[in-house]
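First comes the structure, then the notes that go with it.
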Amino acid sequence: MRSGGDSRPVTSATDARRRSRRPAWAGRNYSLLTAAAFVTNLGSHGALIAAAFAVLEAGGDGGDVGLVAASRTLPLVLFLLIGGAVADRLPRHRVMVAANALNCLSQAAFAVLVLSGEAQLWQMMLLTALGGTGQAFFSPAAEGMLLSSVQGEEAGRAFAVFRMAMQGATVGGAALGGAMVAAIGPGWVLAADAAAFAVAGAMRAFLDVSHVPERAPGGGMLADLRDGWREFAGRPWLWGIVVQFSIANAVVGAADAVYGPLVARDHLGGAGPWGLALGFFGAGTVAGALLMTRWKPRRLLLAGTLCVFPLALPSAALAVPVPVTVLCAVMFVTGVTLEVFGVSWMTALHQEIPEDKLSRVAAYDWFGSVALVPLATALAGPTETAFGRTSALWGCAALVVVVTAAVLCVPDVRNLRRRTKQVTAGSRPASADAESPVRGLG
């Protein structure tokens, strides 16, 4: 059974009043994690825009922008599994703080180079790669820490509020970052992102891990990775959905990053309408998270997976192409439904994965989600040349539908149910090998 964020008893009237202002599920750890995630998301999504414009201002072209972006993705893919093993072996908050420190230093150095006017492509690629390395260690630790910070039937609501804060910061950070790049230049936006990492890292240093049992001495890193793989591979619903999203994320990423801007340029009026459509998607994710603070679907993964089908709609809309107003509506609906899946997925992980395996399982989840994205993005251009842009976009939409329909063939995806107090009255299974909770609850 997971403990909540506050592991120590409240001993004073002041503490009791302070605690009463928060919902029962919003413990100290959860509140710190949510606030820190908001700060880093606000800075990071502005920094993504700033990094692209920094490359262009240094004399680079679109290909150079792609190289810098790839420099972040490659170490993220390479180190994710190691990061998951480390986060389950060491105190997770220390891993998070160390990763934030690396991100802070790399972004600060990036900002200094840009502000000095001496930034070179290889330097920007190196510093971006350091940021990706930090993210590879941070993400599994952060997900494991968040999943262990809430408990009980209100876990889904807690995750919905957390994701609403993150998505709101994403929308606000992109808008604010774009305005700041135009007003004061990309260097200062990168400096602001470095400061955001410093603030968030300081907040995460105060996380309380006394409720997490100490890890018993075991094998080395390879043994940890094998143990995490057994936990991952022993659950068909888990690896089935990760495989689904490895393909879906890849084709949707290619459509958004490559085909979307091209369709906007040729048919929708340029970057402005495309940015507006992306803004509607962000607003949809916030609305979806708000919906999930109220809605508790009993069959978690069935409801979530059915809500993945609309992920095919943006590619289909670009293939037509539809007017900007219709595209914005499509993007909004897609954002809402995708967030239903996101909250349902986090709730399923929270109730089914043992606490000491959370970060390793999260690492395999992250790895599957990003591993094919660089390949799909690189192949988007040749695919368009070979088959045409319209056919490529319809192909993206069809692949999303096919893989989503395929994962519904997994019985555990259809049958996994949200646990109630009556169901969770007993002990939690220690591992996938010890018991089959999905089939037992189904």
Side-chain angles (χ1 to χ4, degrees), residues 1-44 86-101 103-104 137-169 195-215 289-290 292-293 296 342-343 346-347 349-351 353-359 362 419 421 424 428:
M1 179 71 69
R2 288 187 177 85
S3 171
D6 292 313
S7 59
R8 296 184 296 271
V10 178
T11 56
S12 71
T14 301
D15 288 340
R17 285 194 300 271
R18 186 177 301 152
R19 184 181 177 90
S20 68
R21 298 190 192 109
R22 298 191 300 245
W25 43 264
R28 178 172 176 271
N29 275 5
Y30 173 86
S31 300
L32 283 171
L33 288 166
T34 303
F38 182 87
V39 170
T40 48
N41 256 33
L42 197 64
S44 295
V86 169
D88 276 339
R89 177 173 288 272
L90 301 177
R92 291 186 182 118
H93 70 309
R94 293 182 182 175
V95 178
M96 295 165 70
V97 171
N100 283 168
N103 285 125
C104 174
F137 284 85
F138 172 84
S139 295
E143 189 163 331
M145 194 75 197
L146 176 66
L147 292 174
S148 68
S149 71
V150 297
Q151 64 174 351
E153 293 185 81
E154 296 301 317
R157 178 172 294 181
F159 298 142
V161 172
F162 177 84
R163 290 179 67 91
M164 185 164 55
M166 285 189 62
Q167 301 295 2
F197 276 117
V199 171
M203 296 172 69
R204 288 162 176 145
F206 289 98
L207 291 168
D208 178 15
V209 295
S210 61
H211 66 287
V212 179
E214 290 189 13
R215 174 110 182 259
L290 182 61
M292 293 304 287
T293 64
K296 297 180 180 179
V343 175
M346 291 186 71
T347 306
L349 292 176
H350 171 263
Q351 78 172 28
I353 306 300
E355 197 281 334
D356 63 323
K357 307 291 197 315
L358 283 172
S359 290
R419 291 184 180 178
K421 290 180 180 179
T424 56
R428 291 185 62 182

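Remember, predicted model here, so these are calculated numbers, not experimental data.
Under the 4.5 Å side-chain criterion, counting only non-hydrogen atoms from C-beta, Leu146 is in contact with Phe159. Residues Leu33 and Met96 have side chains in contact (heavy-atom distance under 4.5 Å, counting atoms from C-beta outward). Side-chain atoms of Ser148 and Arg92, non-hydrogen and from C-beta on, do get closer than 4.5 Å to each other. Looking only at side-chain heavy atoms (C-beta outward), Phe206 and His93 stay at 4.5 Å or farther from each other. Put simply, the side chain of Met164 does not reach to within 4.5 Å of the side chain of Phe38, judged on heavy atoms.
Between the side chain of Thr34 and the main chain of Ser31, no donor-acceptor pair closer than 3.5 Å is present. Between the side chain of Tyr30 and the main chain of Phe162, a donor-acceptor pair closer than 3.5 Å is present. Side-chain atoms of Asn41 come within 3.5 Å of backbone atoms of Met166 as a donor-acceptor pair (strictly under, hydrogens ignored). Using modelled atom types, no side-chain atom of His350 and backbone atom of Gly156 make a donor-acceptor pair closer than 3.5 Å. Judged by distance alone, the side chain of Thr293 and the main-chain N or O of Val161 form no donor-acceptor pair under 3.5 Å.
Residues Asn29 and Asp208 share a closest heavy-atom pair of ND2-O, 2.6 Å. Minimum heavy-atom separation, Thr347 to Val343: OG1-O, 2.8 Å. Shown here for Val150 and Ala158, the closest heavy-atom pair between the two residues is CG1-CB, 3.7 Å. Nearest heavy-atom pair, Cys104 versus Ala198, reported as atom, atom and distance to 0.1 Å: SG-CB, 3.9 Å. When all heavy atoms of Ser359 and Pro140 are compared, the pair lying nearest together is OG-O, 3.0 Å. The shortest non-hydrogen separation linking Ala35 to Met203 is CB-CE, 3.2 Å.
How far CZ of Phe197 is from CG of Asn103: 4.0 Å, rounded to the nearest 0.5 Å. Between atom CG of residue Leu207 and atom OG of residue Ser149 there is a gap of 8.5 Å, rounded to the nearest 0.5 Å. Arg204 contributes atom CZ, which lies 3.5 Å from atom CZ of Phe138 (distance to the nearest 0.5 angstrom). Separating the CD1 atom in Ile353 from the CD atom in Glu143 is a distance of 10.5 Å, to the nearest 0.5 Å.
Arg163 meets the salt bridge (Lys or Arg N to Asp or Glu O under 4.0 Å) test with Glu339; sequence neighbours excluded.
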